[in-house]
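What you see is a predicted model; the values in this text were computed from it and never measured.
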Amino acid sequence: MKLTQNNTYKVALEITGCNGMEWPFYSSKIVECSNLELLHSILTCGMPNQFLSPWHHEKRTQEFISKISMVETNLEEYDGYLVKSPSTEYLDASEKSVNSYYLGLIFTKLFSMKEFNIDYFLHTTIFEQVYGKDALTCSGRKKPSFVGYQKESQEWSIWESTGKRDHAPKALDDAFNQVLAIKTINAQSPTLAMACMTYFDTKHGELQGILRNASVGKKANLEFDREKFLNLYYRHICEIFDESLRRKPFDSVIDYIEGYLEIELELFGLNIENTDKDEYLRKRRIKLGVPKDILGYFQYNQGRYSDNVTISSIVDSMKIPTVDLQDDSFFMGRDGIYFRII
């Protein structure tokens, strides 16, 4: 499996209790995603390990590329479906658990974007990790793992992810009970309180997902600042640009779309199908694009941006290009982050 090759992948997904319907609402479908949508989910699935080395921006690209490598080595494509790679059977049980955990996070982000138009998706632990314990408060015993945000409707949702090697009903029940405990997010009822589990079926080794939505939360209230939420979402992505500029100042930064800048990232390995003798042309490369105003906010937030502009105002005024740009070699999320294959 190579995410630098244009491809469409299929994942079987079960959804229960969604859209405000009462039990036993049930839907079973096949979710299709492109390699670029999967790359977007890998990058924008905000996780705590992205802030383990806050003073070493050069590690951001390595972290992203290592996640791509993890997905490519753990999954294969068979008849259009994503299946478990046979080589992973030789891994230690703990290694399998870690990989399943990350796959669960990434595909929960993908499902939220594809099925429910969630624009932003962030792990709640990052608030405390970066801003301190008071940055996010939860009146319940345990806070949910992820918060989602839809910009157009300004609605919040909560998500609990669990990735397993095999079907594990108890793990899904535990995740469901965790989201069921949340009553409000920033004084609003969440539009979705979703538990998600990904696993491999025992017959064919296909990657599958289950989403279970809780209709009404119990009593816990979740509070945090939207400005900090958006700051944390974009921060590690813009740090990838910082690293690129430090290594090759302006050499690989281009203005592909008006209002956006992009850089080139080189992945592990070569495109062995490419018979071109030029090694550069055979390298696996992707283009990552970010709105200029978002980059400007983080690069100059000690100057004019810090006084007059917030990242919330930038996001609210940001216009996403029409779907006419989307094709097999280009994908832009509603967050303004895009990937392009060259």
Side-chain angles (χ1 to χ4, degrees), residues 11-31 33 41-42 44-48 82 97-127 136 138-150 155-186 188-201 206-222 224 229:
V11 180
L13 179 64
E14 297 179 7
I15 309 175
T16 55
C18 294
N19 302 324
M21 294 183 172
E22 299 296 331
W23 304 102
F25 171 69
Y26 174 82
S27 173
S28 178
K29 63 191 305 182
I30 302 297
V31 176
C33 68
S41 294
I42 293 172
T44 60
C45 181
M47 293 180 278
L82 289 175
S97 297
V98 171
N99 290 338
S100 295
Y101 167 78
Y102 280 114
L103 290 176
L105 299 182
I106 292 166
F107 279 91
T108 299
K109 167 64 170 69
L110 181 71
F111 296 150
S112 74
M113 177 180 68
K114 295 282 292 183
E115 297 300 307
F116 301 100
N117 296 322
I118 301 300
D119 304 326
Y120 298 90
F121 195 79
L122 192 70
H123 202 290
T124 56
T125 303
I126 300 177
F127 283 91
L136 182 144
C138 181
S139 60
R141 186 174 62 178
K142 192 175 182 181
K143 62 180 182 291
S145 292
F146 286 95
V147 174
Y149 180 68
Q150 192 177 54
E155 294 176 331
W156 298 98
S157 57
I158 52 176
W159 300 76
E160 191 64 34
S161 168
T162 179
K164 297 295 180 181
R165 195 72 176 173
D166 304 302
H167 187 263
K170 185 180 184 304
L172 182 61
D173 289 341
D174 291 343
F176 177 77
N177 289 330
Q178 195 158 330
V179 297
L180 184 62
I182 304 299
K183 184 178 181 180
T184 65
I185 304 175
N186 293 335
Q188 298 178 9
S189 297
T191 55
L192 295 167
M194 194 73 71
C196 177
M197 180 175 71
T198 57
Y199 67 97
F200 296 101
D201 85 300
E206 292 179 3
L207 181 69
Q208 299 188 354
I210 300 177
L211 294 176
R212 184 186 295 179
N213 186 56
S215 56
V216 180
K218 291 184 178 179
K219 59 181 181 180
N221 301 309
L222 198 65
F224 54 86
F229 174 89

**OP:** Could you walk me through whether M197 and H167 pass side-chain contact (heavy atoms from CB on, under 4.5 Å), step by step?
**Re:** CA-CA 8 Å; M197 180 175 71; H167 187 263; 3.8 Å; yes
Original post:
Is there side-chain contact between S145 and H123, with at least one heavy-atom pair below 4.5 Å?
Top reply: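 A side-chain contact under 4.5 Å exists here.
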Original post:
Is K143 close to I158 at the side-chain level, that is, under 4.5 Å between some pair of heavy atoms?
Top reply: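 Contact flag for I158/K143 side chains = no.
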**OP:** Could you give me the CA-CA distance, side-chain angles and deciding distance for T108 and M194, then say whether side-chain contact (heavy atoms from CB on, under 4.5 Å) is met?
**Re:** CA-CA 10 Å; T108 299; M194 194 73 71; over 6 Å; no
Nearest 0.5 Å, please: how far is [atom2] in [Y] from [atom1] in [X]?
X    : Y    : atom1 : atom2 : answer
I185 : T191 : CD1   : OG1   : 7.5 Å
C138 : L222 : SG    : CG    : 5.5 Å
I106 : C45  : CD1   : SG    : 6.5 Å
F107 : M113 : CZ    : CE    : 10.5 Å
N117 : S157 : CG    : OG    : 11.0 Å
Y149 : I118 : OH    : CD1   : 11.0 Å

Subject >> Step-by-step side-chain contact (heavy atoms from CB on, under 4.5 Å) determination, E160 to F176 >> reply: CA-CA 7 Å; E160 191 64 34; F176 177 77; over 6 Å; no
Of all the heavy-atom pairs spanning [X] and [Y], show the shortest one and how long it is.
X    : Y    : result
V147 : F224 : CG1-CZ, 3.6 Å
T162 : K164 : OG1-CE, 3.4 Å
T198 : S100 : OG1-O, 4.5 Å
S139 : K219 : OG-O, 4.0 Å
P190 : I182 : CG-O, 4.4 Å
A193 : N213 : N-OD1, 2.8 Å

Original post:
Do the ring planes of F229 and F127 sit parallel (below 30°), tilted (30 to 60°) or perpendicular (above 60°)?
Top reply: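 Plane angle under 30°, so parallel.
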**OP:** Would you please name every residue forming a salt bridge (charged side-chain N to carboxylate O under 4.0 Å, His left out) with D201, sequence neighbours left out?
**Re:**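 Expected list: none.
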**OP:** Kindly say whether N221 contributes a backbone atom to a donor-acceptor pair with the side chain of T184 at under 3.5 angstrom?
**Re:**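 Checking the backbone N and O of N221 against the side chain of T184, no donor-acceptor pair under 3.5 Å is found.
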**OP:** Please find out if less than 6.0 Å separates the ring center of W159 from that of F111.
**Re:**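 Here the rings of F111 and W159 have centres that are no less than 6.0 Å from each other.
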**OP:** Indicate whether any N or O donor in one side chain lies under 3.5 Å from an N or O acceptor in the other, for E14 and S28.
**Re:**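 No.
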Subject >> Trace of the side-chain contact (heavy atoms from CB on, under 4.5 Å) decision for E115 with I15 >> reply: CA-CA 10 Å; E115 297 300 307; I15 309 175; 4.2 Å; yes
